[in-house]
Amino acid sequence: SSGINAEYGGDLSQLVVSNSTPHTHIMQLGKDKKFTTKEVLEQHLERVTSVDWAPRSNRIVTCAGDRNAYVWNYQEDTGYWKPCLVLLRINRAATYVQWSPNEDRFAVGSGARLLSICYFDPEHNWWVSKHIKKPIRSTILCVDWHPSNHLIAIGSCDFKCRVFCAALKELGDKPQTSNWMPKLNKFGTLLAEFDTTNSGWVHGVGFSPSGEQLAWVAHDASVNVVNSASLTKVHTILTPSLPYSCLLWMSEMSFVAAGFGYCPDLYTVSAQGVSFTAKLDVKKEKSGGGEMSAMARFQKLDVQGQTGNAGTTVTTTHENCITEIRAMARDASGTVTKFATAGKDGRLVTWDMESLSAALGGLSL
Amino acid sequence: VGRDQTVISSGINAEYGVDVDAYDEEAYEDEARVQDDSGVAEVTERASKVKDLLSQMKTKEALVEALKSPPVGRDQTVKSQNYDTVMWVLKSFKGSDIDAAVADLSMVEVDILMKYLYKGFSCSPDKAANLLLWHEKVVAKGGLGSIVRVMVDRKGV
């Protein structure tokens, strides 16, 4: 996809950004409140498709269409980022990468129809991967780690959302049983598989903060949530809007989904199911949309065959599909208070829940 | 509308009539079509129920009945028969009654209706005027999402 992928560093003063090129930019927030490029990471040979920044260990991972991924470590003495190769062993482009909650491993989805779980091998000083292949039948579009650090959910182009066990005995994992994994399973075991009712590619997937719930959004303009306590009961909304590409859980009871409608939408989850709550883009009306001169009207009729303003102006902050949504700040209870969206319009927009809530007359997350 | 046709790949393979995708071991295959798909008996029964309702001027009820369990499998005759039933119902509505009928439909029924509207656009261009009127009302309820679902769903009517 075109547009940008971005993630903030731990203290929000830095950004790692890829912009549909093989280059990755480290951007620094200046005193003028603007981000400028501090360093360009050049290692990939093809377009970088996804980036992630592990805040506590301060490592960046990038993956690209060249079937490679690199982990970048910050060198304190030189002030530069040093790449370390990751042996993904895939024969198609990598599509998505995410660090695990403990930051000791990361997952890479790819067009090779398999998931690579990567961890560091200190003996050879490189990152190695273990593959999860069955029963994935098409490109993986998105992944999300469970808070336990050893379960993972993926969304793929075969219209399914799946949960796998990704416990690594190589790293000394001692997994616990849970609703997702009632008995201990080995690496790569399929724990749950969910279909999309109208055969939509699963663009975005996310575990709730506790890990008990799983939500996914698909190309059939559906929003789906399931609680691990009752895996056969999937709550689905067939939305009237254009499909969503990504989602972010704000708290255990709400998440924001964004995508082809160019606008982040808030959904609320309860025992009864999931429901749409509010559109969060409360941009003011574009000023200067007053009377058109007779000449302008004639020109518009001549060129576009239209007389009015309808259908030609974008009233949202993003001017193209939103592709990524990231949490920036949380309050003491863990609820997201600030998030960022990146889109195919090349924009990174930050959203502050407090001011949005005030503008919308109060939102409970 | 639907994904029932097999496509012979283009170019030189088309000349030989070889479908190279059929030999790809890793090619994606749709899972078996819905087993409890409406068969000939149900579709015929539905048609007669709809006929009864329409003769009693119960157009709303006829619409709901016509949209039940649409056949989405590979049997074109069954699908064609159900399509005729649905088109008949749509034609029987007075323009002013459409709003009320659409308002009471569930989102699943809206999606099924939208699928039939698009099938109508492609198969029955003579009915376009009536279908366009229906389309406007159904989009008002189902939004662009219902149109996307028609385009995306591999189970076509």
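The basis for the numbers below is simple: all heavy atoms, side chains too, and nothing from hydrogens, waters or symmetry mates. Owing to the predicted nature of the structure, the values given are computational and were not obtained by experimental measurement. Labels below follow one simple rule: chain letters A, B, ... track the order of the sequence lines, proteins then strands, and each chain is numbered from 1.
In this structure a side-chain-to-backbone donor-acceptor pair under 3.5 Å is missing from B:Ser124 to B:Asp126. Using a distance-only test at 3.5 Å, with no hydrogens or angles considered, no donor-acceptor pair links the side chain of A:Thr268 to the main chain of A:Ser254. Within the 3.5 Å criterion, the main-chain N or O of A:Asp345 finds no donor-acceptor partner in the side chain of A:Asn320. With hydrogens and angles disregarded, a donor-acceptor distance shorter than 3.5 Å links the side chain of A:Thr49 to the backbone of A:Ala94. Within the 3.5 Å criterion, the main-chain N or O of A:Ile322 finds no donor-acceptor partner in the side chain of A:Thr341. A:Lys133 places no side-chain N or O within donor-acceptor distance of the main-chain N or O of A:Gly188, the cut-off being under 3.5 Å.
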**Q.** B:Asn82 and B:Tyr116: CA distance, side-chain angles, deciding distance, side-chain hydrogen bond (donor to acceptor under 3.5 Å, both in side chains) verdict
**A.** CA-CA 10 Å; B:Asn82 210 55; B:Tyr116 277 109; 2.8 Å; yes
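No side-chain heavy atom of B:Lys119 sits less than 4.5 Å from a side-chain heavy atom of B:Phe121. Side-chain contact between A:Phe339 and A:Val256 is present, with at least one heavy-atom pair separated by less than 4.5 Å.
For residues 90-98 of chain B, a heavy-atom distance under 4.5 Å to chain A picks out no residue at all. Contacts between residues 127-138 of chain B and chain A, defined by a heavy-atom separation under 4.5 Å, are made by no residue at all. Within residues 57-68 of chain B, no residue approaches chain A closer than 4.5 Å by heavy atoms.
Applying the side-chain hydrogen bond (donor to acceptor under 3.5 Å, both in side chains) rule to pairs touching residues 138-152 of chain B yields B:Asp111-B:Arg149, sequence neighbours excluded.
At a 4.5 Å heavy-atom cutoff, A:Ser138 makes no contact with chain B through either its backbone or its side chain. Proximity to chain B is limited to the backbone of A:Thr197, based on heavy atoms less than 4.5 angstrom apart.
Classified by interplanar angle (parallel below 30°, tilted 30° to 60°, perpendicular above 60°), the ring pair A:Phe260/A:His219 is perpendicular. The aromatic rings of A:Phe255 and A:Tyr267 lie parallel to each other, with less than 30° between the two planes, well short of the 60° mark.
With rounding to the nearest 0.5 Å, the separation of CG in A:Leu141 from OG in A:Ser245 is 9.5 Å. Atoms CZ and OG1, from A:Phe276 and A:Thr239 in turn, are 9.5 Å apart once rounded to the nearest 0.5 Å.
Your options are A:Cys157, A:Pro240, A:Gly200, A:Ala218, and the one with the most heavy-atom pairs under 4.5 Å with chain B is A:Pro240.
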